[in-house]
Structure formats: C-alpha cells, structure tokens
Amino acid sequence: MLQLHHPLLDVHPEVATALAERQAVVALESTIISHGMPYPQNVATALQVEAEVRAHGAVPATVAIVDGRLRVGLSTADIERLGQQGAEVPKVSRRDIPFIVAAGHSGATTVAATMLIAALAGIRVFATGGIGGVHRGAAQSFDVSADLQELAQTPVAVVCAGAKSILDLRLTLEYLETHGVPVVGYRTDWLPAFFTADSEFPVDYRLDTAAGIARAMHTQWALGMRAGMVVANPVPAAHALPRERVDAAIATALYEADQQGIGGKAATPFLLARVNALTGGDSLLTNIALVLNNARLASAVALQFQLIAG
Ligand code: PSU
Ligand code: MN
C-alpha cells in the first residue's frame, strides 16, 4: 500500500496510480455495506458497484477504517469482512474517526467520514445511495446528520438518490442552503426521495450532463469555496417504489423508533432496517438499482472533472 499525503492513510496501489496519473476515481462508502443492507446482498452489491465504476472508465475507491488505518480502496476480502460482520462493525462518522484509529479498530465510514477521508486522498467524487439529513422532529431531538456539516466544509461532490423521507427533506434543504451547499438535480427539477424519483421540493439547479456538473464543481472550488455538492440522481423509473407504500413503511418505522426510544447514531440504521423489512425485498432491489445508477453517473462526472482539472 502506498501512502499519500498522510501517515494514517493507506491508498490502495491501483487507486494511488490512478490519482498520480490523473485518472477518474470514485469514492464509495462502507456504512452502506455494514449497516445499510443485509448480508450477503451487501457484499454482492459493493462488489457490483465497484465493477460498475470500472465498466464506466473510473477507478473505485471504497473507504473504511481497517485495523486502525484509513483505507482508500479495499480488497474483496476487506469488503467481505465488513459485510459479514454487519452491525458489529462500528458506524464511523467524523467525530468517531480518531477514536477508532487510536484504538486500532475497524469501522464502516458514513457519508461524512468517507468524504473527509476521500478529500485527504485527493478524491473529489463520491457515489452512495442516500445522504443523512435533518430528521423529522429535529426541533425537539436536534438530530441533524453530521453528513450535512461535512458537506459544508469538505470539497467532494456526493452523487446520491436524494435522501429518504425518514428525514425532513424541507429542513434538510434549508440547512444545506444556510451552509452554502448546492443541491443539483441530474435531469430533474425536483429533489429525489431515494425510493421515489421526486418529492415536492425543487432542487437549486438542474443540470442535464455530467460535463455541466463537472464545470460547476470546478468553478465552485476554483473560487476557493470549500463546500461539497449534492448531486441528486433520481432512481430509474423501472425501480421506483409506489409513494404510498414507502410513506406507510416510514410512518410505521418512525412510530416504532419513537416507542422504543431509539436515538443518536442508532436512529438512521434502525429506520433503514425497519423500512427495508416493512417493504419486503422490493426496497432492497430498489436500493441496489439506485446505487448502481449513482455509480454510473459519478464515474461520468469524475471523468469530466478530470478533463477540466487535468
Ligand atoms: N441513508 C440511506 N442509506 C444509508 C445511510 C443513510 O439511505 O446507508 C447511512 C450513510 O452512511 C449516511 C449515514 O452517511 O447513514 C447517516 O447516519 P446519521 O444519520 O447517523 O448521520
Ligand atoms: Mn443523527
């Protein structure tokens, strides 16, 4: 493993070569593997996403913490281990990184932690399923994902299918606006809501090409603006779920979380798992389809960005 930029960082040789040769690289997160999907579909999906990135001309860099090292680019064995151990692997957001590293432990990185580590390695494009956000009831719970603060301060474009409506999408957009984080809709005027292709909330800017997105990224960062960017890519129509079904499952999951007093970092994994269970296998198929779709767009954006940034 080569070390780039930082003594705690291990960049996989393939990724290091790609970065050195200014090829397109796409970062991928690992909380989605350990906490976002059941085994063995989580491992199969993670490997399929990497293959999809390669098939579209970019190099995948799945990020995690392994035995106290920040790892950018995992082996198949690493991914298998994170997937098999599932919820036993600590979920690592920004504040958790130093403690997991200092203890020499392993951890699955959230959007926030993956962005931070990707930026340390010099990667500017990241593909995932959905980002965290402002939770419903946040006026009481104060539950706002650290993903939003990371987007405010780390210059990485996150290609996602919007956010699940376990969150308050309106407040999530308000928070991002306050912190100077643009939300771009890819070929859509509306914020996608993960399982469904749209919501009632407009995006800030609609861009219809990967090149247009790459130009906006380059311009934002050339201006010295340090924020990231949300690139919202709607789930393909063939894989979207009926809104009523999703809404019913989310309402039940939120009620159960409230009844069981689930909060803090456990809230999102609990809600995701309950929504998955309540919508049966269908939501998992939708989840897999949209992550692959995001991997394709992220690869195209990374290629275009490299053409501009050189
Ligand atoms: N939303 C999803 N799938 C996910 C997550 C969120 O639809 O897998 C994961 C991501 O890793 C995200 C994290 O960064 O949950 C947010 O957790 P929290 O709300 O605790 O910040
Ligand atoms: Mn939270």
Side-chain angles (χ1 to χ4, degrees), residues 27-39 41-42 45-46 49 62-65 82-83 86-87 89-97 107-118 126-152 154 156 158-169 171-172 175-176 181 191-196 199 228 230 232-235 241 246 249-250 253-254 257 261-276 279 283-284 286-291 293-294:
L28 302 162
E29 62 151 311
S30 46
T31 290
I32 191 175
I33 305 174
S34 297
H35 299 265
M37 289 184 191
Y39 181 80
Q41 288 94 336
N42 55 0
T45 303
V49 169
T62 304
V63 171
I65 301 179
L82 285 168
V89 182
K91 173 181 157 192
V92 176
S93 193
R94 165 180 272 262
R95 58 119 193 247
D96 307 297
I97 296 173
T109 50
T110 63
V111 168
T114 303
M115 287 178 75
L116 188 156
I117 295 167
F126 166 16
T128 187
I131 56 169
V134 179
H135 281 256
R136 296 200 205 174
Q140 265 73 46
S141 69
F142 256 63
D143 191 347
V144 178
S145 173
D147 292 354
L148 300 188
Q149 266 304 304
E150 203 62 44
L151 280 159
T154 301
V156 171
V158 181
V159 180
C160 61
K164 287 198 178 90
S165 44
I166 57 170
L167 303 171
D168 188 321
L169 299 183
L171 295 189
T172 300
Y175 193 99
L176 290 169
V181 180
L191 180 70
F194 198 87
F195 294 122
T196 58
S199 66
V230 176
N233 187 26
V235 60
L241 292 182
V246 174
I250 285 173
L254 288 167
I262 309 241
K265 70 192 278 188
T268 297
F270 176 86
L271 293 168
L272 298 181
R274 288 305 294 145
V275 170
N276 280 348
T279 54
S283 72
L284 183 57
T286 299
N287 204 335
I288 293 168
L290 66 84
V291 177
N293 190 48
N294 295 341

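Note that ligands are numbered from 1 as they come in the structure, with each ligand's atoms numbered from 1 the same way.
Polar contact with ligand 1: present for Asp147 (N/O pair, distance under 3.5 Å). Backbone and side-chain nitrogen or oxygen atoms of Lys91 are examined, and one is located within less than 3.5 angstrom of a nitrogen or oxygen of ligand 1.
A donor-acceptor pair is defined here as one N or O able to donate and one able to accept, closer than 3.5 Å; such a pair exists between the side chain of Ser141 and the backbone of Asp143. Side-chain N or O atoms of Asp168 include none that pairs as donor or acceptor with a backbone N or O of His135 at under 3.5 Å. Under a 3.5 Å cut-off, the side chain of Ser145 and the backbone N or O of Asp147 do form a donor-acceptor pair. The backbone N or O of Ala108 sits less than 3.5 Å from a side-chain atom of Thr31, completing a donor-acceptor pair. In terms of modelled atom types and a separation under 3.5 Å, the side chain of Thr172 and the main chain of Gly133 share no donor-acceptor contact. When atom types are taken as modelled, the side chain of Ser199 and the backbone of Leu191 share a donor-acceptor pair closer than 3.5 angstrom. Lys91 places a side-chain N or O within donor-acceptor distance of the main-chain N or O of Lys265, the cut-off being under 3.5 Å.
The closest protein non-hydrogen atom to atom 15 (O) of ligand 1 is Thr268 CG2, 3.5 Å. Here the protein heavy atom with the shortest distance to atom 21 (O) of ligand 1 is Ser145 OG, 2.7 Å. In terms of protein heavy-atom proximity, atom 9 (C) of ligand 1 is closest to Thr31 CG2, 4.1 Å. For atom 1 (N) of ligand 1, the closest heavy atom belonging to the protein is Gly130 O, 3.5 Å.
Among Glu29, Lys164, Glu150, the residue whose heavy atom sits closest to atom 11 (O) of ligand 1 is Glu29. Remark: among candidates Ile32, Leu290, Leu272, Ile33, the nearest residue to atom 5 (C) of ligand 1 is Leu272, based on non-hydrogen atoms.
Taking every heavy atom of Phe194 and a limit of under 4.0 angstrom, the matching atoms of ligand 1 come to 7 (O).
Residue-ligand proximity: His135 is placed with a non-hydrogen atom under 4.0 Å from ligand 1.
At a 4.0 Å heavy-atom cut-off, ligand 1 touches Val111 through backbone and side chain alike. At a heavy-atom cutoff of 4.0 Å, ligand 1 is contacted by both the backbone and the side chain of Thr110.
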Notebook entry, point to check: Are Thr109 and Glu29 close enough, and set up right, to give a side-chain hydrogen bond (donor to acceptor under 3.5 Å, both in side chains), and what steps lead you there?
Noted result: CA-CA 6 Å; Thr109 50; Glu29 62 151 311; over 6 Å; no

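The atom of Asp143 nearest to the Mn ion (ligand 2) is OD1, with the search restricted to N, O or S atoms.
Considering every non-hydrogen atom in both Ile250 and Arg136, the closest pair reads CG2-NH2, 3.6 Å.
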